[in-house]
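To keep things clear, I will list the structure first and then write my remarks on it.
Note that the structure is a prediction, hence the values are computed from the model and not measured.
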Amino acid sequence: MKTAMWLYLFMFLAFFDLHAQYPILTPFAMSLGAGPAFIGWMMGMYSLTHLPGNLLAGVLVDRNGSRRYIVFALTIAGLILLLQAHAQLPWHLLVLRAASGFALAFLSPACMTLLASLSSDPATQGKYMSGNGIIHTLASVVSPAAGAFIVAKAGYSGTFSTLGWLLIFTGVMAFFSVPKHNPALALHKPALPDKEKLQPGLAATAQPTVSRRYYLLPFFVSCSQGVLFFELPLSQGQDGMVSTGILLSLLSLGALATLCLFFLNRFSPGIRIAAALLGMALCFFTLAAFRSIPAGVVLFLLGSAKGVLFPAMASLFISLGSAGRLGRTFSLQSIAMSLGAFAGPVAAGQLREYVSPYFIAFVLLMTALMLLPPGRSGRLSSYAPGWNSPAA
C-alpha cells in the first residue's frame with residue numbers, strides 16, 4: 001500500500017503538470033503564428049512519437065522493472081518543458097512536443113504495470129485502477145484552471161518553466177521512493193505443471209487468443225479525446241484560456257463524481273464500457289447539434305461517462321494480460337491510444353471547415369460501440385472484478 005501511495009503522489013504531480021498545458025498550448029502556438037491545421041499536427045505529433053516509446057516500454061518494463069523508466073520519463077519531460085519556455089517559432093514547438101511525446105510514452109506503461117503488480121486479486125486490482133483514475137481526475141480538475149491562471153500572472157515562458165521544474169522535482173522524488181523491481185510480479189506468476197516446464201510451447205498455445213477489436217476501443221476513445229482537446233480551445237478563442245480551463249475542470253469534476261462510485265467495479269467491464277461509450281457519444285452529438293445547451297453541463301456529463309469508462313478499460317486489459325506480460329499489454333493499449341490521439345486532432349484540423357469536429361468524435365465513439373466484441377467471444381462481458389473474489 002505504501003508503494004501505491006507513492007505512485008499516486010507521483011502520478012498526481014505528473015498529471016497536474018500535463019493537464020495544466022491543455023488550455024495554453026493552442027493559444028501559445030497561435031501567438032507564435034501557427035494556424036489550425038498546424039496546431040492539429042502539433043498535437044498529433046506528440047501522440048505519434050509515443051509509438052516508438054510504447055514499443056520499447058512494453059518489453060523494457062517487463063524486463064527491468066518500472067522505476068528507472070518512471071524517473072526517465074518525468075525528468076526528461078521536465079527538461080523539455082524548460083526548453084519549450086524559450087520557443088520562438090511554431091516548428092520549435094512542434095519538435096519539442098514530439099520529443100516530449102517520446103519521453104512520456106514510458107510513464108503510463110511503467111506506472112500501470114507497477115500498480116497492477118501490487119496485487120493478484122481482481123477486486124483489489126480494480127480498486128487500484130479506480131484509485132489511479134481518481135488521482136488522475138483530481139489533478140485534471142485543478143490543473144487546467146491553474147495553468148491558465150499562471151499564464152495570466154507569469155506569461156507563457158514562466159508557466160512552462162514552472163511546470164518543467166515541477167516534473168524534474170517529481171522525477172527526483174521517484175528515484176528515491178519507487179522500488180527497483182515490481183514487487184509482486186514473481187508472486188503472480190503461476191506455477192507450470194512439469195509437462196509444461198518440459199514443453200514450454202504448450203503453455204503458450206494454451207493462452208486464449210485476444211481479439212484485435214479490443215485495441216480498437218482505446219484507439220477510438222483517444223481519437224475523440226484528441227478532437228475535444230483540439231476543438232475546445234479553438235472554439236473559445238485566443239483570449240478564452242480561463243474559460244477553457246474552467247470547462248476542462250468541469251469535465252474532470254464529472255469524471256471524479258463517477259470514479260468515487262466504487263460499487264461500479266462489481267459490474268462487468270463490458271456493461272460499463274458500452275454504457276460509457278453511448279453516453280460520451282451523445283454528449284459529443286449535443287455539442288455539435290445543440291449549441292443552446294450550456295457547454296459546461298455537457299462537459300460535466302461527458303466527464304461522468306469517462307469516469308465509468310477508463311477504470312473498466314483498465315480492468316479489461318488486466319484480465320487480458322498474463323503474469324510477466326502486463327507491461328506489454330499496457331504498452332499495446334498505449335500504442336492504440338497514441339495512434340488515436342494523433343489521428344483525432346489531425347483529422348479535426350483538416351475537416352473543421354466542412355464538419356463539426358464534435359460530430360467526428362460522435363461517429364468515432366458510435367463506431368467503437370458497434371465494434372465491441374460480443375460477450376460470448378471473449379472476456380469483455382464475462383470478467384467482472386469482485387464477483388468471483390473472496391473479497392467481494
Side-chain angles (χ1 to χ4, degrees), residues 40-41 43-44 46-48 50-51 54 209-232 234-235 251 254-255 258 267-290 298-299 301-317 319-320 329-383:
W41 278 101
M43 296 180 68
Y46 172 87
S47 300
L48 184 64
H50 261 54
L51 294 179
N54 288 147
T209 302
V210 178
S211 171
R212 293 182 180 179
R213 285 187 291 177
Y214 284 112
Y215 293 103
L216 290 176
L217 173 61
F219 173 79
F220 284 118
V221 170
S222 186
C223 267
S224 68
Q225 284 199 117
V227 169
L228 177 66
F229 291 137
F230 167 83
E231 176 62 18
L232 188 62
L234 281 178
S235 65
L251 177 76
T258 48
F267 291 94
S268 161
I271 295 174
R272 289 183 282 156
I273 289 171
L277 286 176
L278 180 60
M280 291 175 66
L282 292 176
C283 287
F284 275 112
F285 185 81
T286 302
L287 287 172
F290 301 100
V298 181
L299 286 174
L301 295 175
L302 178 62
S304 300
K306 284 180 59 180
V308 175
L309 177 65
F310 281 93
M313 278 206 305
S315 296
L316 169 65
F317 282 103
S319 74
L320 296 175
T329 301
F330 285 121
S331 176
L332 289 172
Q333 180 193 6
S334 295
I335 288 171
M337 296 194 73
S338 296
L339 286 171
F342 168 74
V346 171
Q350 299 299 319
L351 300 175
R352 191 172 188 262
E353 296 183 0
Y354 308 101
V355 63
S356 169
Y358 294 135
F359 186 75
I360 296 174
F362 164 75
V363 173
L364 291 170
L365 290 170
M366 291 304 295
T367 303
L369 183 60
M370 290 187 293
L371 291 178
L372 282 179
R376 63 180 179 275
S377 67
R379 280 180 282 183
L380 183 62
S381 295
S382 61
Y383 174 77

(Q) If I take atom CG from residue Leu232 and atom CG from residue Leu299, how far apart are they, to the nearest 0.5 angstrom? (A) 6.0 Å
Q) CZ/Arg272 to OG1/Thr258 distance, rounded to the nearest 0.5 angstrom? A) 11.0 Å
Q.
With a 4.5 Å cut-off on side-chain heavy atoms, are Thr286 and Leu301 touching?
A. no
Q: Please report the shortest heavy-atom distance between Ala312 and Ile273, naming the atom on each side.
A: CB-CG1, 3.7 Å
Q: Without swapping roles, check the side chain of Ser222 against the backbone of Gly340 for a donor-acceptor pair under 3.5 Å.
A: no
Q: Rounded to the nearest 0.5 Å, what's the gap from CD on Glu231 to CG on Leu287? Could you check?
A: 9.5 Å
Q.
Contact between Ser224 and Phe284 at the side-chain level, heavy atoms closer than 4.5 Å - yes or no?
A. yes
**Q.** Closest non-hydrogen atom pair between Ala343 and Cys223, with its separation
**A.** CB-SG, 4.0 Å
Q) Quick one: are Leu371 and Leu217 in side-chain contact, heavy atoms under 4.5 Å? A) no
(Q) As a quick check of understanding, evaluate side chain to side chain contact (heavy atoms under 4.5 Å, CB included) for Val346 and Phe230, giving each step before the final call. (A) CA-CA 9 Å; Val346 171; Phe230 167 83; over 6 Å; no
Q: Please name all residues satisfying ring-ring contact (aromatic ring centres under 6.0 Å, His included) with Phe219, sequence neighbours left out, ordered by chain then number.
A: none
Q) Rounded to the nearest 0.5 Å, how far apart are CG of Leu282 and CG of Leu278? A) 4.5 Å
Q) What is the distance from atom CG of Leu339 to atom CG of Leu216, rounded to the nearest 0.5 Å? A) 10.5 Å
Can you list, pair by pair, the side-chain donor-acceptor contacts under 3.5 Å of residues 302-310, counting residues two or more places apart and other chains?
residue: Ser304; atom: OG; partner: Gly254; partner atom: O; Å: 3.2
residue: Ser304; atom: OG; partner: Phe300; partner atom: O; Å: 3.0
residue: Lys306; atom: NZ; partner: Gln225; partner atom: OE1; Å: 2.8

**Q.** Rounded distance (nearest 0.5 Å) linking atom CZ of Phe220 with atom CE of Met337
**A.** 13.5 Å
Name each donor-acceptor pair under 3.5 Å that joins a side chain in residues 354-364 to protein atoms two or more places apart or in another chain, with its distance.
residue: Ser356; atom: OG; partner: Tyr358; partner atom: N; Å: 3.3

Q: Can you see which heavy atom on Val227 is nearest to which on Ala348, and at what distance?
A: CG2-CB, 4.3 Å
